[in-house]
Asks: 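Before we start, here is the structure in question, set down as structure tokens.
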Amino acid sequence: MAQKVQGTEDLFGGYMRAWQHMTDVARELFGSYGFDMIETPAIEQVDTFVHGIGESTDVVRKEMFRVFSGALLDNMLESGSEKGLKPRQRMAMRPEGTAGVVRAAVENNFVPQGGAPKKLWYAEAMFRGERPQKGRLRQFHQVGVEWLGAPDPAADAECIIMLMEFYKHLGFGPSGLRLMINSMGDAACRPAYREKVRQFILDHADEMCDECRERAEINPLRAFDCKNEHCREVMADAPLVHQNLCDECAEHYAQVKRYLDEAGIAYVEDPTLVRGLDYYTRTVFEVEAIGGGVGAIGGGGRYDGLMELEGGKPTPGIGFAVGFERIALALAAQGVSLEGDEPSCVYVACASPEQRDAVFSATLALRQAGVRTEADYQGRSLKSQFKQADKHNACLCVVLGADEVASGSATVRDMSTHEQVSVPMSELAAHVAARLA
RNA sequence: GUGGGUGUAGCUCAGUUGGUAGAGCGACGGACCGUGGCUCCGUAGGUCGAGGGUUCGAGACCCUUCACCCACCCCA
């Protein structure tokens, strides 16, 4: 039997409705904050991700699905190298949303010199070549926002407020989430801090794991996240970012916190919070679901240097992304289901096959009146048709039998009260539509 | 990439020291034949993931393979 690709899922039924519900909530909430929807291509040039996400990150180094045309791939296999390919021939499936949106912003000049900020949101599939496990797929879905051209710390705070509001609308209780924030500094202070941490690790190299020694050169800040207990102990004495922020970054961070306090947003400051994508500057944040065992269900931050990395003019930016699959798991762990029932409908039944044509006419009229209508297409008995009506969540059942057809009427049964009324066929659609309204 | 686990009816699973498969739920049908959700009765569904081996005989044992799940890493 044909099989789906590892780590991918078919979205259908209640699960599909859950994803749609999430995007509906996003459209409404983000729309009220002035965000417009954007859809960027699922494939981009590799360089778009390398420049944005960072060459040293795991996401870029080993998790991107590279894409080549068949002919190109044959040539590469023959020559044993992808050298000589033009940049636009080197493509990858997007592993996250920000790089592509920022690329689109550069290309379409969304934020012209002196122009107003651009606020965008998206709901798309992302692709990462990881081993699947709980809350981790190779093709998964994210909803995210990007707010470009707004350096004000109010933007950071509003982003976080909107994110927390989003979780609330999806059904998370106030105690079900933990928001963590941090500042990573900027081009003025991060390099020096990074060097301090690098030096610290090198000074304690003999006490730390191999991985952390490697991290010293590649991404020293990541050593704070090491799972090795001893490394954690050592890193507890490492210089913290808060004492090493430049004045501008310190004030920005303080202002963000003041705004969050005013909005009544609970947060935990985590000086070791280091997001895995290199483009972040200053404010970073992450949201964890308490229980459910899926870890982070959303995160984001400021990326004031990213537009330049993608070849645009210096333009500040901030955004976040949340994972649909993980949110569904986390909510389920808290006893909340995102999955909706099949919407209710009107079922048209016939007492015997002689009335099949009348059923056809009635369904036609009902659907033209905008009513979600179901009928039998297997020649089932009337009893069985009623069972089907139940399965389809019918609120009304229209019955057409010999008597009804003879008198030009229809029997309309209310499925919950069992009340039945006779309605002239010519008024059926209007009658049903009125009762559903 | 590393480590652990599981693959038996549509679903969740049981299958005892090897004797060619069962339950619950679901589906379908029926309970005086133009009326559902409850109850009762009945019916149908399985190349036991795939291939090979040991054996008189394997769902159970061995090998190979595929798929999925979980954990590490990293992240949503």
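Naming: A, B, ... by sequence-line order, numbering from 1 per chain.
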Asks: Return yes if the base of B:rU35 and the side-chain atoms of A:Q420 contain a donor-acceptor N/O pair under 3.5 Å, otherwise no.
Replies: yes

Asks: With C1' as the reference atom in both, quote the distance from B:rU12 to B:rC69 in angstrom, rounded to an integer.
Replies: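 About 15 Å, rounded to a whole number of Å.
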
Asks: Using a cut-off of less than 4.0 Å, is there contact between a side-chain N or O of A:R380 and OP1 or OP2 of B:rG29?
Replies: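 Yes, within the criterion.
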
Asks: So which nucleotide from B:rG36, B:rA27, B:rC74 ends up closest to the side chain of A:K387?
Replies: B:rG36

Asks: Which whole number of Å gives the distance between the P atom of B:rG36 and that of B:rA50?
Replies: 42 Å

Asks: Between protein and nucleic acid, restricted to nucleotides 6-9 of chain B and to nitrogen or oxygen atoms under 3.5 Å apart, what atom pairs and distances do you find?
Replies:
none

Asks: Taking the C1' atom of each, how far is B:rG46 from B:rU20, in whole Å?
Replies: 13 Å

Asks: Given that both distances must come in under 3.5 Å, which nucleotide forms a Watson-Crick or G-U wobble pair with B:rC75?
Replies: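 Here B:rC75 is not engaged in any pair, so there is no nucleotide opposite it.
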
Asks: Provide the distance between the two C1' atoms, one in B:rA21 and one in B:rU8, to the nearest whole Å.
Replies: 8 Å

Asks: Considering every strand shown, what is the Watson-Crick or G-U wobble mate of B:rU39 when both distances are under 3.5 Å?
Replies: B:rA31

Asks: In whole angstrom, give me the gap between the C1' atoms of B:rG45 and B:rC28.
Replies: 11 Å

Asks: Name the residue closer to the 5' end of RNA chain B, choosing between A:S416 and A:L382 according to the nucleotide with the nearest heavy atom.
Replies: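 Going by which nucleotide is closer to the 5' end, it is A:L382.
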
Asks: Do the side chains of A:K387 and A:D390 get close enough for a salt bridge, i.e. N-O under 4.0 angstrom?
Replies: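 A salt bridge is absent here (no side-chain N lies under 4.0 Å from a carboxylate O).
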
Asks: When the distance from OH of A:Y280 to P of B:rC75 is rounded to whole Å, what number comes out?
Replies: 10 Å

Asks: So is the aromatic ring of A:F140 stacked onto the base of B:rA76, judging by whether the centres are under 5.5 Å apart and the planes are under 30° apart?
Replies: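 Here A:F140 meets both the 5.5 Å and the 30° conditions.
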
Asks: For B:rA60 versus B:rU16, give the span between their P atoms, rounded off to a whole number of Å.
Replies: 11 Å

Asks: Would you kindly compare A:D414 and A:E63 by the position of their nearest RNA chain B nucleotide and give the one closer to the 5′ end?
Replies: A:D414

Asks: Please confirm whether A:R302 makes a cation-pi placement over A:Y279, using NZ or CZ under 6.0 Å from the six-membered ring centre and within 45° of the ring normal.
Replies: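 The answer is no; the distance or angle limit is not met.
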
